[in-house]
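In what follows, a single structure is set out as structure tokens and then discussed.
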There are 2 protein chains.
Amino acid sequence: MKFDDKIPIYYQIKNYLYHEMLTGTLNPGDKLPAVRQLAVDLTVNVNTVQRALSEMITEGTIESQRGKGNFVTADTTRLAQLKEQLVMTQLAQVYEQLHALNLTDEEIIASLKRYIEQKGAGQNV
Amino acid sequence: MKFDDKIPIYYQIKNYLYHEMLTGTLNPGDKLPAVRQLAVDLTVNVNTVQRALSEMITEGTIESQRGKGNFVTADTTRLAQLKEQLVMTQLAQVYEQLHALNLTDEEIIASLKRYIEQKGAGQNV
DNA sequence: CCTAGTGTTATATTTTACTATTACACTATA
DNA sequence: TATAGTGTAATAGTAAAATATAACACTAGG
């Protein structure tokens with residue numbers, strides 16, 4: 001897996017796993033790949049995987065069972081909260097940045113629409 | 001100045017200076033504060049400021065004159081390009097992230113509108 | 001010419017993320 | 001009970017960012 005060298009790898013692993021958990025690749029209650037396997041898949045060290053997982057365990061989005069494996073929480077409410085939080089974080093970030101560049105609310109919305117239209121021309125989903 | 005410990009400081013300094021250059025605090029052709037003064041203002045080391053500046057000099061957004069100072073480029077076309085690029089980077093990032101969470105184009109736009117409305121309630125600009 | 005103000009560069013040190021490696025703890029099962 | 005598969009943790013080493021500090025190079029003005 002390729003990483004952005006401006007952001008800690010363990011942090012990007014968290015986002016990767018969030019993505020898997022929120023888009024159906026990993027469902028509530030599912031067992032995650034073994035840490036050593038994840039390390040191989042992502043071509044990083046086990047400790048780096050563990051650092052990402054331990055933060056997620058603290059957050060409650062993943063539950064660990066020693067000797068068995070790591071599991072996506074079965075608490076769908078918490079997962080919904082996680083998704084909402086990730087979306088809001090992204091929106092807040094783009095809004096703050098563009099607002100700081102003196103774009104008005106309307107210009108921010110318009111520029112996003114324009115971006116999506118341009119992008120959509122040729123590879124819609 | 002407070003920095004996000006997930007992103008290199010020199011990189012955040014670049015964004016800070018971009019902001020000053022694109023919102024009228026620093027106008028085309030303006031002289032920047034001396035590097036040592038910037039270091040004091042931002043509470044970082046001179047070398048860290050210099051690293052940010054040297055990248056911006058390479059990019060052509062800042063011009064250096066040894067013994068005199070650093071100056072915002074007078075090339076307003078280049079500054080306009082810079083702003084456009086920063087906006088596009090932000091839009092691409094938020095779009096990719098939200099799209100990766102399975103939000104449709106319409107949902108992405110709608111969620112941004114909702115975010116702005118909620119935010120606007122009480123502190124419009 | 002000298003001095004103050006400026007950009008530029010270099011060295012050594014500290015901190016953090018990451019890696020490599022090893023070991024330990026627990027579970028399931030043959 | 002032995003073994004394979006799992007999570008957890010500790011140690012030592014490497015690399016990059018940032019710091020502290022000093023020195024060098026150029027400009028302007030007295």
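To find a chain, count down the sequence lines: A is the first, B the second, and so on, and within it residues start at 1. Remember, predicted model here, so these are calculated numbers, not experimental data.
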Quickly work out the [X] [atom1] to [N] [atom2] distance and round it to whole Å.
X       : N      : atom1 : atom2 : result
B:Gln50 : C:dT6  : CD    : P     : 14 Å
A:Met56 : D:dG7  : CE    : P     : 14 Å
A:Leu38 : D:dG7  : CG    : C1'   : 12 Å
A:Leu53 : D:dT8  : CG    : P     : 8 Å
A:Phe3  : C:dC18 : CZ    : P     : 9 Å
A:Tyr11 : C:dC18 : OH    : P     : 13 Å
A:Leu32 : D:dG5  : CG    : C1'   : 16 Å
A:Ile62 : D:dT6  : CD1   : C1'   : 15 Å

*Residue B:Val44, side-chain atoms from C-beta onward, closest of D:dT19, C:dT6, C:dC26*: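 The listed nucleotide nearest to B:Val44's side chain is D:dT19.
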
*asked:* Looking only at the side chain of B:Arg51 (C-beta and beyond, no hydrogens), which of the listed nucleotides D:dA17, C:dT19, C:dT8 gets closest?
replied: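 Nucleotide nearest to B:Arg51's side chain: D:dA17.
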
*Under 3.5 Å, is there an N or O donor on one side and an acceptor on the other linking the side chain of B:Asn47 and the base of C:dA10?*
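Looking at the base of C:dA10, it does pair with a donor or acceptor on the side chain of B:Asn47 (distance under 3.5 Å).
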
*Classify the side chain of A:Asn45 versus the base of C:dA20 as yes if they form a donor-acceptor pair under 3.5 Å and no if they do not.*
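Counting by modelled atom types and ignoring angles, a donor-acceptor contact under 3.5 Å is found here.
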
*Under 4.0 Å between a Lys/Arg side-chain N and an Asp/Glu carboxylate O for A:Glu59 and A:Lys14?*
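A salt bridge links A:Glu59 with A:Lys14.
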
*Is it true that A:Phe71 and A:Leu79 fall in one hydrophobic cluster, defined by side-chain heavy atoms closer than 4.5 Å?*
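Unlinked, A:Phe71 and A:Leu79 end up in two clusters.
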
_Hydrophobic clusters here meaning ILVMFWY residues chained together by side-chain heavy-atom distances under 4.5 Å, can you tell me if A:Val87 and A:Leu22 are in one?_
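The answer is yes; both residues are in one hydrophobic cluster.
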
Would you say [X] reaches [N]'s phosphate, i.e. side-chain N/O to OP1/OP2 under 4.0 Å?
X       : N      : result
A:Thr48 : C:dA17 : no
B:Arg36 : C:dT6  : no
A:Ser54 : D:dT8  : no
B:Lys68 : C:dG7  : no

*By nearest nucleotide on DNA chain C, pick out whichever of B:Ser64 and B:Asp5 is the more 5' one.*
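It is B:Ser64, whose closest nucleotide lies nearer the 5' terminus.
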
_Residue closer to the 5' end of DNA chain C, B:Lys31 versus A:Gln65 (nearest nucleotide)_ =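 First, find each residue's nearest nucleotide; the 5'-ward one identifies B:Lys31.
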
_Whether the side chain of A:Asp30 engages the backbone of A:Asn27 through a donor-acceptor N/O pair (distance < 3.5 Å, no angle test) should be reported._
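Between the backbone of A:Asn27 and the side chain of A:Asp30 there is a qualifying donor-acceptor contact (under 3.5 Å).
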
*asked:* Tell me the closest heavy-atom pair linking B:Arg78 and B:Thr73, and the distance in Å.
replied: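 Here B:Arg78 and B:Thr73 meet closest at CD-CG2, 4.5 Å.
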
